[in-house]
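One-based numbering, in listed order, for ligands and for the atoms of each. On a predicted model such as this, the values are computed, not experimentally measured, just so you know. Atoms considered below: every heavy atom in the structure, side chains included; atoms not considered: hydrogens, waters and symmetry mates.
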Amino acid sequence: MSDIIQLLPDSVANQIAAGEVIQRPASVVKELTENAIDAQADSITINIKDAGRTLIQVTDNGTGMSDTDARLSFERHSTSKIKTADDLFAISTMGFRGEALASIAAIAHVDLKTRQKESELGTQIVIEGSKVLSQEPASCAIGTNFSTKNLFFNVPARRKFLKSNTTEFGHIISEFQRIALANPTVEFKLYHNNSEVFILPKGNVRQRIVSLFGKRINSNLISIETDTSIIKVRGFIGKPEYARKKTGEQFFFINNRYMRSAYFNKAIINAYDQILQPDTVPSYFLYFEADPSSIDVNIHPTKTEIKFEDQQAIWQILHSAVKQSLGKNNIVPSLDFDQEQGFNIPVISKDTEVKNPQIQIDPTFNPFESKKPQIKNPKSSAISLEKENLANWNKLYDGFEKEKQEDDFSFISPENTQQTLTDSEVSEKYFHFKNKFILTPVKSGLMIIDQKRAHERILFEKFLQSLSEQSITSQKSLYPKSIELDAKDHTLLMEIKDDLKNLGFDIDDFGGNAIVINGMPADSSNQEPEQIIDKFLHEYLSGEVDAKIQAKEKIAKALAKASAISSNQKLSSEEMREMVDMLFACQNPNYSPFGKLIVSIIKTDEIDKRFN
Ligand code: ADP
Ligand code: MG
């Protein structure tokens with residue numbers, strides 16, 4: 001039998017390796033921009049066309065490359081940044097593998113122009129799918145100009161796998177934000193389809209945050225600074241009232257590179273315990289500095305997950321630093337500062353057992369509650385709690401009585417409403433329970449309707465219809481209101497602006513990353529426009545990406561969820577009646593657009609059984 005093992009040609013090996021390093025256009029942006037920073041550039045311009053499908057061009061004013069280095073830089077494992085395996089652990093920058101350029105060249109059309117300061121002429125290399133088509137002397141500026149065209153041209157499966165331009169450009173902006181935040185002293189410019197997305201002048205961290213996320217964030221930043229023997233942490237956290245439903249303003253950096261860490265994220269979220277509105281996440285921009293030998297960056301191919309030697313100690317340090325800063329800003333009011341003076345983390349190593357620093361806080365404090373329970377003597381608290389429970393039992397009946405007076409209730413079936421009763425009689429047949437459910441009797445028993453889900457269904461079907469008919473629904477007139485957004489949200493809203501307009505959501509570009517709201521859908525709940533936009537973006541961007549769902553349906557879903565009334569809004573009898581009528585006029589009144597049950601019936605015989 002003849003031999004069957006063959007060595008893969010380099011171009012194929014590179015294509016396979018490329019799959020690991022380059023997942024989408026945003027990965028190219030990341031690799032090229034980081035290379036520019038490694039080459040000491042202090043001004044970087046990124047030019048994107050069609051979310052990176054057509055063009056990703058990164059121009060820098062860094063060191064540039066010699067002719068030979070330019071050619072070598074496309075070889076696999078070619079890097080100027082490490083020479084021996086020991087370097088991998090010694091360098092203060094991140095795990096270089098010399099794979100990025102080889103990978104990009106394997107799956108795109110690449111055009112590189114580069115010149116070093118001391119050379120009069122630069123060099124230009126053209127490569128397609130790992131094949132060098134030409135290398136010639138060229139006159140060009142000092143630095144490097146790297147164009148990537150037709151990404152994944154020879155990997156159709158990858159190309160097909162790319163999401164919509166909005167999604168892919170969103171990823172690019174995320175990578176861009178990370179790099180821009182990690183390097184505030186570098187000037188950045190980002191253009192998409194020839195229009196300006198960001199112009200970021202050189203500055204400090206605070207200025208960089210503001211130029212990325214808008215002026216509104218400036219007064220909401222609290223600074224953090226902690227120096228310990230194992231880690232230094234500095235940066236900013238957001239005030240609790242600035243916390244939003246949407247994730248996206250949470251950043252950790254280690255030695256000036258972005259890192260992801262669910263573990264440290266927990267430390268921060270925990271420190272905000274009790275002072276956040278439900279379902280909101282605080283913003284943070286935290287810069288760690290640690291001895292490179294105490295971290296391992298090579299555990300993840302795209303180098304954003306990092307292992308620390310002293311994970312637990314760092315968790316505690318982070319947690320108390322955040323708590324302390326919140327306290328200093330009077331956000332955790334009972335923090336005792338006299339006791340805090342001189343608070344310092346002693347020199348500890350990974351073998352030292354770390355104890356939680358003693359900070360006195362009132363664990364029952366909740367700024368969203370007007371009265372806070374006063375439990376002075378912990379021994380007596382069990383007894384007082386028992387008493388409280390008794391009082392709660394009594395309250396249960398109180399509420400019942402009250403509601404009974406407010407909402408006169410006798411019941412009726414919506415199915416035979418029209419035939420048997422007059423209008424005024426009808427509206428008395430609904431009972432509001434816990435400001436959350438509408439109760440009404442039907443032929444077979446007692447029907448319970450979840451009001452929020454019902455409203456979602458009603459709005460969803462209405463929005464969907466308006467979108468397909470292109471009909472403009474009536475709009476609530478309001479004072480035009482401008483809102484500052486981040487670039488990602490702004491781009492998205494501008495792209496779906498026309499669809500939103502068909503829904504009565506009249507928004508316009510206000511320059512920069514701001515929008516102006518001229519009108520809102522007529523029957524959205526009475527929330528602030530900012531709130532609805534915020535929730536809408538959250539839903540739209542985080543909703544499960546289902547390729548089968550059409551864009552219009554996704555908009556209708558997200559907007560229905562954002563505009564629906566809450567699960568604790570009081571409704572008048574008239575409003576309940578309207579809601580039930582509209583619900584049963586829907587095509588699918590049983591389930592919310594998110595597949596949640598809206599209507600449930602307790603059968604009469606089930607009720608009878610209970611009284612057997
Ligand atoms: P790595 O960054 O891990 O070293 P890359 O494949 O990204 O590997 O780059 C290979 C080499 O090409 C780099 O080590 C560097 O010497 C050179 N290089 C890449 N981009 C630039 C640039 N913009 N300016 C100067 N040199 C660069
Ligand atoms: Mg690189």
Side-chain angles (χ1 to χ4, degrees), residues 10-11 13-23 25-47 56-85 87-108 110-119 122-127 130 132 135 138 140-148 151 175-176 178-179 182-183 186-189 255-258 292 297-298 300-304:
D10 257 8
S11 59
N14 281 344
Q15 235 187 62
I16 295 169
E20 201 193 337
V21 187
I22 308 298
Q23 279 127 12
S27 334
V28 177
V29 173
K30 170 181 189 279
E31 295 295 339
L32 296 184
T33 313
E34 285 189 343
N35 279 348
I37 287 165
D38 295 336
Q40 274 125 44
D42 71 350
S43 175
I44 300 173
T45 301
I46 304 168
N47 215 337
I56 297 165
Q57 183 187 36
V58 176
T59 311
D60 70 57
N61 64 351
T63 56
M65 284 177 266
S66 69
D67 300 2
T68 319
D69 281 353
R71 174 66 192 82
L72 270 179
S73 68
F74 290 100
E75 294 297 327
R76 236 160 108 214
H77 308 303
S78 72
T79 175
S80 55
K81 299 165 198 169
I82 34 178
K83 297 204 166 61
T84 68
D87 286 351
L88 257 184
F89 303 99
I91 46 168
S92 55
T93 36
M94 310 289 276
F96 295 104
R97 298 154 162 238
E99 281 177 333
L101 296 195
S103 300
I104 295 168
I107 44 144
V110 164
D111 184 332
L112 165 73
K113 290 193 205 86
T114 186
R115 175 159 79 91
Q116 292 178 307
K117 196 164 65 206
E118 52 282 0
S119 323
T123 187
Q124 177 173 20
I125 301 186
V126 180
I127 304 186
S130 296
V132 181
Q135 174 163 17
C140 52
I142 294 171
T144 301
N145 179 338
F146 199 112
S147 288
T148 303
L151 187 65
E175 290 294 355
F176 177 82
R178 293 167 187 175
I179 299 175
N183 300 280
V186 175
E187 172 192 54
F188 287 95
K189 295 175 186 158
N255 297 347
N256 289 328
R257 302 245 175 178
Y258 172 78
V297 291
N298 276 317
H300 194 273
T302 55
K303 303 178 226 162
T304 52

**Q.** Verdict with reasoning, Met65 to Ser73, per side chain to side chain contact (heavy atoms under 4.5 Å, CB included)
**A.** CA-CA 9 Å; Met65 284 177 266; Ser73 68; 3.9 Å; yes

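Compare Thr144, Thr114, Leu72 by their heavy atoms: the one nearest to atom 22 (C) of ligand 1 is in Thr144. In the candidate list Glu99, Met65, Gln40, Met65 is nearest to atom 18 (N) of ligand 1, counting heavy atoms.
With a 4.0 Å heavy-atom cut-off, ligand 1 is reached by the side chain of Asp60 but not by its N, CA, C or O.
Here's the thing with Glu31: none of its N/O atoms is less than 3.5 angstrom from an N/O atom of ligand 1. Considering both main-chain and side-chain atoms, Leu101 comes within under 3.5 Å of ligand 1 through a nitrogen or oxygen pair. Polar contact check, Asn35 against ligand 1: a nitrogen or oxygen pair lies under 3.5 Å apart. Distances between N or O atoms of Ala100 and those of ligand 1 include at least one value under 3.5 Å. For ligand 1, the polar-atom distance check against Thr63 finds no nitrogen or oxygen pair separated by under 3.5 Å.
Formation of a donor-acceptor pair under 3.5 Å by the Asn61 side chain with backbone atoms of Ser43 is found in this model.
Nearest approach of Ala108 to Thr148, heavy atoms of both residues: CB-CG2, 3.5 Å.
Every residue meeting the side chain to side chain contact (heavy atoms under 4.5 Å, CB included) condition with Glu75, not counting sequence neighbours, appears here in chain and number order: Arg71, Leu72, Ser78.
In summary, Asp69 and Arg115 do not engage in a salt bridge, as defined by a charged side-chain N under 4.0 Å from a carboxylate O.
The side-chain contact (heavy atoms from CB on, under 4.5 Å) with Thr114 is formed by just one residue from the set Asp60, Asp67, Thr123; it is Thr123.
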